[in-house]
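Naming: A, B, ... by sequence-line order, numbering from 1 per chain. Computed over heavy atoms, backbone and side chain alike; hydrogens, waters and symmetry mates excluded.
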Amino acid sequence: MLLRTVSAATAETNVATVINKNFFDLFKRSTSLSHLTQTHAQIILHGFQYDISLLTKLTQRLSDLGAMYYARDIFLSVQKPDVFLFNVLMRGFSKNESPHTSLSVFTHLRKSTDLKPNSTTYTYAISAASGFRDERVARVVHGQAVVDGFDSELHVGSNIVKMYFKFSRVEDARKVFDRMPEKDAVSWNTMLSGYRENEMYEESIQELRLGMQIHSLATKTGCYSHDFVLTVAYNAMIHGYTSNGDTELSLSLFREMVLSGARLNSNTVVSLIPVSSHLMLVYAIHGFSLKSNFLSHASVSTSLTTVYSKLNEIESAREIFDESPDKSLASWNAMISGYTQNGLTDDAISLFKEMQKSEFSPNPITITCILSACAQLGTLSLGKWVHGLVKSTDFESSIYVSTALIGMYAKCGSIAEAHRLFDVMPKKNEVTWNTMISGYGLHGHGHEALDIFSEMLNSGIAPTPVTFLCVLYACSHAGLVKEGDEIFSSMIHQYGFEPSVKHYACMVDILGRAGHLQRALQFIETMPGDPDPSVWQTLLGACRIHKDTNLARTVSEKLFELDPDNVGYHVLLSNIHSADRNYPQAATVRQTAKNRKLAKAPGYTLIEIGETPHVFTSGDQSHPQAKAIYEKLEKLEGKMREAGYQPETELALHDVEEEERELMVKFHSERLAIAFGLIATEPGTEIRIIKNLRVCLDCHTVTKLISKITERVIVVRDANRFHHFKDGVCSCGDYW
DNA sequence: GCTTCCCCAA
């Protein structure tokens, strides 16, 4: 009987062990708050709510996801928390930007319990103290570490060194470091990067040499083996120079590293990769990684994917991605982001869908990328779906995600929804404000943009150079010349920002669009340094709007000089000549373009009916309902002619006969999309279309008329702004 | 290691 009881108890213990292990597996796979909540429920259901190891793990995972209130509640539910649980909670608060709370947990541990802090406790206490503004807190915690005898311990010591560097107390950092009896790769690294962050490059390099001497001494005498010190130190140095953009030093250190016989590892490659401004260099690093079998490391392949994407080598990026055997969540994100940044939004979205079938779940970074893709593409339906996904997780708390959501709604035409989200965001950073300002700019709502800007200033957020770009951009699209002028000068005199070429281009745009062509020209002539093509191109655009052929000729000559291979200049200039009815001249320019094998980007328009996107090109016959669409257009045209409409074709292709030219304009992709929208939706429904190029003058007129005839609101996003057509009027006030 | 905002032009 006794025997049976004992074995039953053993069996029970075994079962408990198994279940316990299962919970740890569950934790590992819980990537969202809702997963964790379910796991917690399971723990209670199985009667493990007092199992401190499980609760500690739960606290840790909750902290990782930023759910600190929840984590604290778990902590409070434990009758007798041990020092491990205290440590986990301190780490959580530290990680989630609450160093104050972390330190009060620490104080509670020391003052109100009989537990003894261990070295891990001090590691977290020190990093919490580093998060304070006041370095006196740091000194107090350092003092406590001395009292408890942990200040010279390897990890604590390294953290104290790091902390003093953070407060730029280089001397103190040095003292603590020198007193540490044992040093490892991490502590050396801390010392090196500390010097570097305090811009003491000389000291940093000396330290590296010292590390090398110790290394060689150690190897010779066999006293102790710091095998990785040298590798780690070199990696840290290379990484530092690389991220400072100092390619030369970074590469020469790498060479030195190879010559010194130090072992290279995958981190060496990763440290070197952002050097990358030259494709040849990336190829070299790629080849080297291949030879050394570093490509199997997710960190290496992810870095290479990223750098290839940044150099617009998207196929190479995809190759690396496809061939990397050990993908991480970051690998997927890097590839999706690569597609997004290269404008390959369809590929980004389909890879995202593929990812959802894989073992990886999207994280806030993935969501941010995919929202950016939706914004570029203008697919409101997908954007809304992603928004739903965001709501069901706790990704909304990520400032990146919520900012990207605002951008998505603004760029997909729902400026009101964007503003609603903006209003309820508890924490905004400068990018959030910039997004909202440029959103209003995009819709031509200049005054609203200026309101947001002054709200930003009032709430104490410092504007950045990008903020001024967004504001100036909004001014230019709303014709606010005086305001733009004032803001430009306040940027320089009040905020002390040196205007960049982009700022100058914005000002030229403001002046030029408003018809002040001579002032715009003077503006360019007074700008410091050589104006780049973008500035001239802006002025050329203004010449086109205001039909100033003489200035256009001068400007285009500048442009040919600066950038002879650009298609845009040829097209634009030829359009200017045809606007001037100087067809022979226009034909010459076009011929030049043709001779150089330069082609105009084809225009297309997207319309979503329900969840289905439909894409039209000019004169497109491929749509299943093409016949009905063309009939609809014919009918509409009849009604428009009755209302006195005359086609304006002066900005279209000119090297064809008048009648033929009219035909080509007549079937521009946006008209086909609008006609299809009229057929495929209920009367009264708003029609939203997205065009890759700017809408032409004639199509603009026609859309106004269609909105009146059919009593529909038509929202058009063109290459750089929104037009809301209603009752025969456009929100841009014909100013675009 | 991977993320949000940024002139013009087509």
Side-chain angles (χ1 to χ4, degrees), chain A residues 239 266-267 269-271 273-274 297-307 309 321 328-338 340-341 362-372 375 395 398-408 410-411 428-439 441-442 464-477 499-510 512-513 532-542 544 559 563 566-573 575 593 598-603 691-694 696 718-720:
Chain A
H239 180 77
S266 64
N267 277 329
V269 181
V270 173
S271 310
I273 287 175
H297 290 79
S299 61
V300 175
S301 57
T302 304
S303 294
L304 276 172
T305 303
T306 306
V307 78
S309 303
F321 175 78
S328 64
L329 179 55
S331 316
W332 285 86
N333 289 345
M335 195 61 232
I336 293 174
S337 150
T340 310
Q341 279 164 6
N363 71 351
I365 297 179
T366 326
I367 297 296
T368 308
C369 290
I370 225 60
L371 282 171
S372 162
F395 295 164
S398 155
I399 205 155
Y400 281 96
V401 169
S402 38
T403 303
L405 271 171
I406 292 172
M408 183 278 290
K411 286 192 178 144
K428 305 179 179 76
N429 64 13
E430 70 280 3
V431 178
T432 317
W433 289 92
N434 295 350
T435 306
M436 198 62 235
I437 293 171
S438 71
L442 193 68
T464 65
V466 175
T467 310
F468 285 100
L469 274 180
C470 297
V471 178
L472 292 174
Y473 165 70
C475 288
S476 101
H477 282 277
S500 70
V501 178
K502 290 181 176 186
H503 294 103
Y504 277 101
C506 255
M507 280 310 290
V508 171
D509 194 43
I510 291 179
R513 265 180 215 278
D532 80 344
S534 72
V535 179
W536 290 115
Q537 192 158 13
T538 308
L539 187 58
L540 190 57
R544 182 186 58 105
L559 280 168
D563 189 1
N566 193 310
V567 202
Y569 310 150
H570 297 263
V571 176
L572 201 54
L573 188 65
N575 282 345
L598 304 174
K600 189 173 165 173
K691 192 180 171 178
N692 65 331
L693 307 177
R694 277 176 51 143
C696 82
D718 75 6
N720 52 17

Query raised in the report: Looking at B/dC2, B/dT3, B/dC7, which one has an atom nearest to any side-chain atom of A/D509?
Result: B/dC7

Report task. Just compare B/dA10, B/dC8, B/dC6 and give me whichever is closest to any side-chain atom of A/A719. Result -> B/dA10

Requested in this report: With sequence neighbours left out, write down each residue that passes ring pair (Phe, Tyr, Trp, His ring centres under 6.0 Å) with A/Y473, or none if nothing qualifies.
Outcome: A/H477

Query raised in the report: If you check the A/Q537 side chain, which of B/dA9, B/dC7, B/dC6 turns out closest?
Result: B/dA9

Query raised in the report: Which is true for A/K428 with a 4.0 Å heavy-atom rule: it touches a base, it touches only sugar-phosphate, or it touches nothing?
Result: nothing

Query raised in the report: Just checking, any donor-acceptor pair under 3.5 angstrom between side chains of A/T403 and A/T435?
Result: no

Query raised in the report: Picking from B/dA10, B/dC8, B/dC5, which would you name as closest to the side chain of A/R544?
Result: B/dA10

Report task. Pick base, sugar-phosphate or nothing for A/S328, based on heavy-atom distances below 4.0 Å to the nucleic acid. Result -> base

Query raised in the report: Between B/dC5, B/dC7, B/dG1, which nucleotide gets closest to the side-chain atoms of A/V431?
Result: B/dC5

Query raised in the report: Does A/F321 have any ring pair (Phe, Tyr, Trp, His ring centres under 6.0 Å) partners at least two apart in sequence or in another chain, and if so, which?
Result: A/W332

Report summary line: To the nearest angstrom, the CD1-C1' distance between A/I399 and B/dT3 comes to 12 Å

Query raised in the report: Hey, does A/V466 reach any base, or is it just sugar-phosphate, or nothing, if we go heavy atoms under 4.0 Å?
Result: base

Query raised in the report: In terms of side-chain heavy atoms of A/S299, which of B/dC7, B/dG1, B/dC2 is nearest?
Result: B/dG1

Query raised in the report: If you measure only the distance, is there a donor-acceptor pair under 3.5 Å linking the side chains of A/N363 and A/N333?
Result: yes

Query raised in the report: What is the nucleic acid contact for A/T368, judged by heavy atoms within less than 4.0 Å: base, sugar-phosphate only, or nothing?
Result: base

Query raised in the report: Which nucleotide in the set B/dC8, B/dT4, B/dT3 lies at the smallest distance from any side-chain heavy atom of A/R513?
Result: B/dC8

Report summary line: Regarding the side chain of A/S337, the nearest nucleotide among B/dC7, B/dC2, B/dC5 is B/dC2

**Report entry** Minimum-distance nucleotide (side-chain atoms of A/A298 versus B/dT4, B/dC6, B/dG1)
**Finding:** B/dG1

Query raised in the report: Can you find a side chain N or O atom of A/S438 that sits less than 4.0 Å from OP1 or OP2 on B/dC6?
Result: yes

